[in-house]
Engineer: 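The structure's right below; bear with me while I get my questions together.
So you know, we letter chains A, B, ... as the sequences are listed, proteins then strands, and number each from 1. In this text the structure is predicted, and so the values were computed from the model without any measurement.
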Amino acid sequence: MHRYRTHTCGALRQENAGQEARISGWVHRKRDHGNLLFVDLRDQHGLTQCVTDISSPAFKILEAARPETVLCVTGKVVPRSGETANDKLPTGRIELVVGTVDILSEAAVLPMQVAGEQEYSEEMRLSYRFLDLRREKMRDNMLLRSNVIASLRRRMWAAGFHEYQTPILTASSPEGARDFLVPSRIHPGKFYALPQAPQQFKQLLMTSGFDRYFQIAPCFRDEDSRADRSPGEFYQLDFEMAFVTQDDVFDTITPVLAGVFEEFGNGRPVTQGAFPRITYADSMLKYGSDKPDLRNPLLITDVTEAFKGSGFGLFAKNIDKGAIVRAIPGPKSSDQPRSWFDKLNEWARENGAGGLGYIQFKAEGPAGPIAKNLDAERVAKIKAATGANDGDSVFFVCDQPEVAAKFSGLVRTKICDELGLLDRSKFMFCWIVDFPMFERNKDTGQIEFSHNPFSMPQGGMEALLNQDPLTIKAFQYDIVCNGVELSSGAIRNHRPDIMYKAFEIAGYKNEDVEARFGGMLNAFKYGAPPHGGSAPGIDRIVMLLADEPNIREVILFPMTGRAEDLLMQAPNSVSEKQLRELHIKLNLPKESVAKAEVKTEAKA
RNA sequence: GGGGGCGUAGUUCAGUUGGUUAGAACGUCGCCCUGUCACGGCGAAGGUCGCGGGUUCGAGUCCCGUCGCUCCCGCCA
């Protein structure tokens, strides 16, 4: 018989009845009847009830064993009679009658319980992550994550990709997020940087003649956290393809993502076939966001014309000053009480808007404060433009274009929420395409890259030479699912001449470009294939599949919002010797010095 | 860097208008219990109310500061 187990805690069934079996695991729960004792033994695979009574020498040992003690139990598999069977457990038709028991590891009194659904503070969970991870929900999430990654790998290989490893210690990239730096011992005063993404490496791989690359790639960015953004590090399904158009990239990755969501989505419907493509401009207009949640059925429309020079002076005056008006429908809400509209107006004020205007299209005619000040023709125009029916209402946001677009997106979400219109059971994907290549900086008036400077401008060199830069689109795209940005990607600019020109428009001299991006630029001078790719975020994919609102729920050992690992005590101070070797002298702000001293004392 | 929420037994929480000895549940420990599966019953231990200061005859409660967790803005090519 195996030293520790003949079966896992989830394996035994009725057909094993009569066999001798050995299982090992953690004491999940005990039910002590004085002379009869049940112990639920748990491992990764499940739960098995073990039973013993006062006549057994094992009884005393088990009675004294605290929850989460690790045991090895050997005994006889016995069927449970009708009334004592437990159909909630796969192993519920049998139990293990304890013959001998071996304590493999004792457990101290627990700071947090593993069994049960009790919620614990983030601090508690992260400090005792090893206990937290023993809980069913977390175990399921981590197994899901592992299975999702395995499936992504299978699907990428099947699509002709190979997986390659790119450096973790690399150079600081001048654009983008804040880098994590690693001091060099051999080169005093110089630093490596952890990659924000393997972007340049994968483009170099294409230039080196490798056709289809992918990697489950760790990425490091020293930026503040959010609920869907872990501080410090995260994983991407990073991929890149040579000799492809934007359509090729879409056609290749769509079945991979849709397939994974079908496989792990528990039957929740997934966008079928090609994902809808929405231009950036359209997305900002209709959804008020560049990551629209298509489960929300509401569409925004522009109704500036209807208010221009109208009797509703507040909007008319603002329009003369360059404002626009966006309309958000509120289906079947015209008979909501006044207080409902007032509350929404209050919400709008709290969120920095002047307020939230509205028209109620009641059966007996348009109503509400705005309707009174607009002539019938204009009201009818709004009704037609928004497609509102009798019984609906329509909300209005009036502000400068960018502010109005963004806020109407918030209103769209809020109204959908208020009216309960979101279908949570679906995964709805889309591509956001045609991002602008350049934009004007509001403060400086300068033309800047609006996203990735290495994307290919649509129209290539000719567009850069002949078009108003602000009208040039890039071959740049995002994948969005249920309002979550899964990734951005692009067809890259592989032509040095076009790159120089694009940077020139954004105000860079050739020598600046060479100084900052010399490595990649140089490679492109010796024959580079047209290429493009993307990098869907693994953590976010798993988050969506697990239906978790927070990214920490799908990461084994996450850091706190302030980028601390409570389990490993990172970051931490290092020894004088280590600092000397790295040629580093600390120059700390006063508060940190005080704090560091306190920390040392507490430890001693 | 800025704003919001939370912080009370080991844990999750309750705690009225500022007023006697700060409560409950789970956990822990002890006793009882031979068919439970969130077993049940009886009992006990367990608190610097995050920390510091202030107002007050009196502060868990009010005020100021600070620390921690968290959500958002900034930031995230």
Engineer: So for A/Arg66 and B/G27, does any side-chain atom that can act as donor or acceptor lie under 3.5 Å from a complementary atom in the base?
Structural biologist: no
Engineer: Looking at B/U11, which nucleotide sits across from it as a Watson-Crick or G-U wobble partner, both distances under 3.5 angstrom, or is there none?
Structural biologist: B/A25
Engineer: Using the C1' atom as the point on both nucleotides, what is the distance between B/C62 and B/C29, in whole Å?
Structural biologist: 40 Å
Engineer: Using the P atom in both, what is the distance from B/A14 to B/G74, to the nearest Å?
Structural biologist: 32 Å
Engineer: For B/G1, give its Watson-Crick or G-U wobble partner with both distances under 3.5 Å, or none.
Structural biologist: B/C73
Engineer: Could you let me know what B/C42 is paired to, Watson-Crick or G-U wobble, both distances under 3.5 Å, or none if it's on its own?
Structural biologist: B/G30
Engineer: Measure from the side chain of A/Arg226, starting at C-beta and using heavy atoms only, and say which of B/C72, B/C76, B/G68 lies closest.
Structural biologist: B/C72
Engineer: Can A/Tyr235 and A/Gln215 be said to form a side-chain hydrogen bond (donor to acceptor under 3.5 Å, both in side chains), step by step?
Structural biologist: CA-CA 10 Å; A/Tyr235 280 82; A/Gln215 180 178 203; over 6 Å; no
Engineer: Please list, chain by chain and in numerical order, all residues satisfying ring-ring contact (aromatic ring centres under 6.0 Å, His included) with A/Phe59, sequence neighbours excluded.
Structural biologist: none
Engineer: Using the P atom on both, measure B/G41 against B/G47 and round to a whole Å.
Structural biologist: 26 Å
Engineer: Under 4.0 angstrom, heavy atoms only, what part of the nucleic acid is A/Gly116 near: base, sugar-phosphate, or nothing?
Structural biologist: nothing
Engineer: One pair to check against side-chain hydrogen bond (donor to acceptor under 3.5 Å, both in side chains): A/Asn141 and A/Glu548. What are the steps and the verdict?
Structural biologist: CA-CA 9 Å; A/Asn141 283 357; A/Glu548 291 286 2; 3.0 Å; yes
Engineer: Could you tell me the Watson-Crick or G-U partner of B/G18, where both distances fall under 3.5 Å? Say none if there is no partner.
Structural biologist: none
Engineer: Could I get the full list of salt bridge (charged side-chain N to carboxylate O under 4.0 Å, His left out) partners for A/Asp290, not counting sequence neighbours?
Structural biologist: none
Engineer: May I ask you to verify if any side-chain N or O of A/Arg178 is less than 4.0 angstrom from the OP1 or OP2 atom of B/C75?
Structural biologist: no
Engineer: Indicate every side-chain donor-acceptor pair of residues 109-123 of chain A with a distance under 3.5 Å to a residue at least two apart or in another chain.
Structural biologist:
{"from": "A/Tyr120", "atom 1": "OH", "to": "A/Gln113", "atom 2": "N", "distance (Å)": "3.0"}
{"from": "A/Ser121", "atom 1": "OG", "to": "A/Met124", "atom 2": "N", "distance (Å)": "3.1"}
{"from": "A/Glu122", "atom 1": "OE2", "to": "A/Arg552", "atom 2": "NE", "distance (Å)": "2.7"}

Engineer: Can you tell me if A/Arg31 touches the phosphate of B/U36, counting only side-chain N or O atoms and a distance under 4.0 Å to OP1 or OP2?
Structural biologist: no
Engineer: Quick one: side-chain contact (heavy atoms from CB on, under 4.5 Å) partners of A/Ser24, sequence neighbours excluded?
Structural biologist: A/Tyr4, A/Cys72, A/Leu104
Engineer: Could I get the full list of salt bridge (charged side-chain N to carboxylate O under 4.0 Å, His left out) partners for A/Asp399, not counting sequence neighbours?
Structural biologist: none
Engineer: Just jot down the side-chain contact (heavy atoms from CB on, under 4.5 Å) partners of A/Lys406, sequence neighbours excluded, or say none.
Structural biologist: none
Engineer: Counting heavy atoms from C-beta on, name the nucleotide in B/G68, B/A77, B/C72 closest to the side chain of A/Gln199.
Structural biologist: B/A77
Engineer: I want to verify a distance call: between B/G74, B/A38, B/A77, whose nearest atom is closest to the A/His451 side chain?
Structural biologist: B/A77
Engineer: Residues in side-chain contact (heavy atoms from CB on, under 4.5 Å) with A/Ala85, at least two apart?
Structural biologist: A/Arg80, A/Arg93
Engineer: Strictly below 4.0 Å: does A/Arg229 bring a side-chain N or O up to OP1 or OP2 of B/C71?
Structural biologist: no
Engineer: Ignoring backbone atoms, test whether A/Lys88 places a side-chain nitrogen or oxygen under 4.0 Å from the OP1 or OP2 oxygen of B/A38.
Structural biologist: yes
Engineer: Just the table, please: protein N/O against nucleotides 10-13 of chain B N/O, every pair under 3.5 Å.
Structural biologist:
{"from": "B/U12", "atom 1": "OP1", "to": "A/Ser121", "atom 2": "N", "distance (Å)": "3.3"}
{"from": "B/U12", "atom 1": "O4'", "to": "A/Gln118", "atom 2": "NE2", "distance (Å)": "3.1"}
{"from": "B/U12", "atom 1": "O2'", "to": "A/Gln118", "atom 2": "NE2", "distance (Å)": "3.0"}

Engineer: How far apart are the C-alpha atoms of A/Gln236 and A/Arg540, what are their side-chain angles, what is the distance that settles it, and do they pass the side-chain hydrogen bond (donor to acceptor under 3.5 Å, both in side chains) test?
Structural biologist: CA-CA 9 Å; A/Gln236 291 182 336; A/Arg540 286 185 182 174; over 6 Å; no
Engineer: Detail all sub-3.5 Å separations between protein N/O atoms and N/O atoms belonging to nucleotides 30-35 of chain B.
Structural biologist:
{"from": "B/C33", "atom 1": "N1", "to": "A/His33", "atom 2": "O", "distance (Å)": "3.4"}
{"from": "B/C33", "atom 1": "N3", "to": "A/Asp32", "atom 2": "O", "distance (Å)": "3.3"}
{"from": "B/C33", "atom 1": "N3", "to": "A/Gly34", "atom 2": "N", "distance (Å)": "3.2"}
{"from": "B/C33", "atom 1": "N4", "to": "A/Gly34", "atom 2": "N", "distance (Å)": "3.2"}
{"from": "B/U34", "atom 1": "OP1", "to": "A/Asn35", "atom 2": "ND2", "distance (Å)": "3.3"}
{"from": "B/U34", "atom 1": "OP2", "to": "A/Asn35", "atom 2": "N", "distance (Å)": "3.4"}
{"from": "B/U34", "atom 1": "OP2", "to": "A/Asn35", "atom 2": "ND2", "distance (Å)": "2.3"}
{"from": "B/G35", "atom 1": "N1", "to": "A/Glu95", "atom 2": "OE2", "distance (Å)": "2.9"}
{"from": "B/G35", "atom 1": "N2", "to": "A/Glu95", "atom 2": "OE1", "distance (Å)": "2.8"}
{"from": "B/G35", "atom 1": "N2", "to": "A/Glu95", "atom 2": "OE2", "distance (Å)": "3.1"}

Engineer: Using the C1' atoms only, state how far B/C63 lies from B/A38, rounded to an integer number of Å.
Structural biologist: 45 Å
